[in-house]
Structure formats: structure tokens, C-alpha cells
Protein chains: 2
Amino acid sequence: MNLKKTKTREAILSILSNSKFPLTADEIFEKIKSNGNFTLSTIYRSLFSFEIAGIIKKEVSTDKKSVYSLNTPMDKHVLVCVKCHKKVIISGCPYHEANKKISHETGFQIIDHNTEIYGICPECLKKGEK
Amino acid sequence: MNLKKTKTREAILSILSNSKFPLTADEIFEKIKSNGNFTLSTIYRSLFSFEIAGIIKKEVSTDKKSVYSLNTPMDKHVLVCVKCHKKVIISGCPYHEANKKISHETGFQIIDHNTEIYGICPECLKKGEK
DNA sequence: GTACTTGCAAAGAGTTTGCACATTA
DNA sequence: TAATGTGCAAACTCTTTGCAAGTAC
């Protein structure tokens, strides 16, 4: 299972590492299609290979599309502003302690979790005050 | 926008209120189809009406299906067993304290959040030990 | 040369929609 | 009867797959 370096794959990884937020396959496609002869299915397949290899991670967004991002395990918590849709990544896991408690109470051995937190960012709060 | 009471809708609400866990449209369909002449598209449309009316809520599960449940705002935290796919609802919000801290650190006014926690349930843990 | 990648087109799953008919209030 | 709801089939979106040809190592 050796990943070969190809133009498509380099382009995909470059896009993902330059993006602050997870992207859909189609968004990636839109960004690179002008640079060469790319296909959506190839992008899906590349993303799949990367995922298996542990290089990227795939998540499901609220509109039911798959979104992909480099696998930086700590960036799993996203604050989403309901006004301006800005996303802020929270580093570290704020729920670590709470999860220990859940584990204790339910007997579940907790492996992972995903969280989206909705709120209003400081900028939009200020605007609202005016 | 007046919701009319029909056989389909009563059946759907009955199923949802008797279910401890969110259900997909198809799961609802499977459960009620023997009781009458129901259609998947009608179920989707009824679910949509209920959602607009605020009676139920729709969420996206990790396998990208929409799941529906009665709109009880407190049951937002689900423990999912990665082995047997059982879901356990955690009542109350275990992250309340942590969110206060996030709010303080980021300036966000937090409104809401959704969480899925993945783990292995006690039963599957036992099986694994054997 | 062998294994891995790709493009293309077609298939697949879940969901939505148009239309004519049926039902509720 | 006026407004809503339904069944059916077809359309739609995102994603996956089969196959033959191409490319990296």
C-alpha cells in the first residue's frame, strides 16, 4: 500500500494544508481544476487513500457533505458563529475532564468525539450592541 | 401553515415518541409500512413539516443519513458504540462547565452545540475481554 | 514490469420534487 | 370548498465503482 506521488495528490495536499477549515471534495476540485486535468472521482479516490493512510480525516458536515482536512487530531472542536459563519478552531480538548466522568458513569470506553459549538463571535456581539 | 392530522403523521409521531433514539426516514418507514399504505416521500414531507413547526429536529448521523427525533433540546449528547452501534443518550449537558470556560477564553457567546461521542459500550468491552 | 492511479461514464444511496388525485378542517 | 397532504415516478446531489489506459517507482 504505497502512496505514489502524483500531480493530483500534491495539489490536494497543498490545498488542504493551506486551508484553515475542512473542505469538501468539490471545493478542492474547484480550487485545483484550473491547474490541470483533474477529475472529481480521482479526488475522491485520493482522499480515500489519504484517509486510510491516516494523512487526512473525513468528517460529515451539517449539510451532509463529507469534508476533509489534514489529520491534526487536536483540532476537533470548532466554534461556529451563527451570524457571520466564521469558524474558530479550539486547540486542545475542553471536554477531556467531562468525558472521563461520562465514561465512569456509563461504562463506555470513550475513543473519540466530534463537536460543533454554535455561538456568536465577539465581533458580531459588538455589532449587535450598537 | 396549519398542520393537518393524518394517519401517516400520527404514525410517525407515535414512532418517534416511542423511540429512545433518533431514527432515519427509512427506519420510520419500515416500522409503519405494515400498518397502512405509506410512502417514503410522504414521510420525508411530513418530517419536513414537523421540523419547520419545531416539533422534531433533524440531525446528520456519521453515516450521512438524516435522523429525526422529537425536539427535546436537552437530549443532544449521544454515546455511540463503535462495535454494536448502540446509541445511548446522555441526559443533561456534561459540557456545561467546559463551555463556560470556552466562552470566557474566546469571547464567543455560546448558544448551542452538538456532540457525538464514540466509544465501546460495556457489553462490547466484556466480549472483547473473552 | 508491476503495482498503483486516473479518466470516463455509469451506478448507487438518500432525499426531493412535479403532478394529479385525495383528504382534512 | 380551500388549503393541505399523498402516491407515484422521475430527478437530483454527493459519492462510489468497473474498466481500460496511463504513470510512478
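Hydrogens, waters and symmetry mates are skipped; everything else that's a heavy atom, side chains included, is used. Numbers restart at 1 for each chain; the letters A, B, ... are given by sequence-line order, proteins then strands.
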Rounded distance in Å - [atom1] ([X]) to [atom2] ([N]):
X: Phe29(B); N: dT15(C); atom1: CZ; atom2: P; result: 13 Å
X: Ile52(B); N: dG5(D); atom1: CD1; atom2: P; result: 12 Å
X: Ile32(A); N: dG7(C); atom1: CD1; atom2: C1'; result: 14 Å
X: Glu10(B); N: dG5(D); atom1: CD; atom2: C1'; result: 13 Å
X: Phe48(A); N: dG18(D); atom1: CZ; atom2: C1'; result: 16 Å
X: Glu27(B); N: dT15(C); atom1: CD; atom2: P; result: 10 Å
X: Leu47(B); N: dT6(D); atom1: CG; atom2: C1'; result: 14 Å
X: Tyr44(B); N: dC12(D); atom1: OH; atom2: P; result: 18 Å

Heavy atoms only, 4.0 Å cut-off, all strands: where does [X] land among base, sugar-phosphate and nothing?
X: Thr8(A); value: sugar-phosphate
X: Phe38(A); value: sugar-phosphate
X: Asp26(B); value: nothing
X: Lys7(A); value: nothing

Taking donor-acceptor contacts at under 3.5 Å, does the side chain of Lys5(B) reach the base of dA25(C)? no
Can you see if the side chain of [X] gets near the phosphate of [N] - specifically, an N or O under 4.0 Å from OP1 or OP2?
X: Arg9(B); N: dT24(C); answer: no
X: Lys64(A); N: dG14(C); answer: no
X: Thr42(B); N: dT6(D); answer: no
X: Ser66(B); N: dG14(C); answer: no
X: Thr6(A); N: dT6(C); answer: yes
X: Ser46(B); N: dT6(D); answer: yes

Check against side chain to side chain contact (heavy atoms under 4.5 Å, CB included), Leu3(B) and Ile55(B): CA-CA 11 Å; Leu3(B) 286 188; Ile55(B) 299 170; 3.7 Å; yes
Determine yes or no for a side-chain-to-main-chain donor-acceptor pair under 3.5 angstrom, with Thr39(A) supplying the side chain and Thr42(A) the backbone. no
Start with the C-alpha gap between Lys7(A) and Glu10(A), add the side-chain angles, then the distance that decides, and say whether salt bridge (charged side-chain N to carboxylate O under 4.0 Å, His left out) holds. CA-CA 5 Å; Lys7(A) 220 177 142 194; Glu10(A) 289 186 328; over 6 Å; no
Select from Leu40(B) and Lys4(B) the residue whose nearest nucleotide in DNA chain D is closer to the 5' end of that strand. Lys4(B)
For a side chain to side chain contact (heavy atoms under 4.5 Å, CB included) check, start with the C-alpha distance between Tyr68(A) and Tyr44(A), then their side-chain angles and the critical distance, and finish with the verdict. CA-CA 10 Å; Tyr68(A) 303 86; Tyr44(A) 275 109; 4.0 Å; yes
Side chain to side chain, Leu70(A) and Leu13(A), heavy atoms closer than 4.5 Å: yes
Which listed nucleotide (dG7(D), dG7(C), dT16(D)) is nearest to the side chain of Ser41(B)?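 When the side chain of Ser41(B) is considered, dG7(D) is the closest of dG7(D), dG7(C), dT16(D).
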Check each of Ile12(A), Val67(A), Ile15(A) against Leu23(A) using the side-chain contact (heavy atoms from CB on, under 4.5 Å) test, and report the only one that passes. Ile15(A)
Contacts of Lys65(B) and Arg45(B) projected onto DNA chain C by closest heavy atom; the upstream (5') one is Lys65(B)
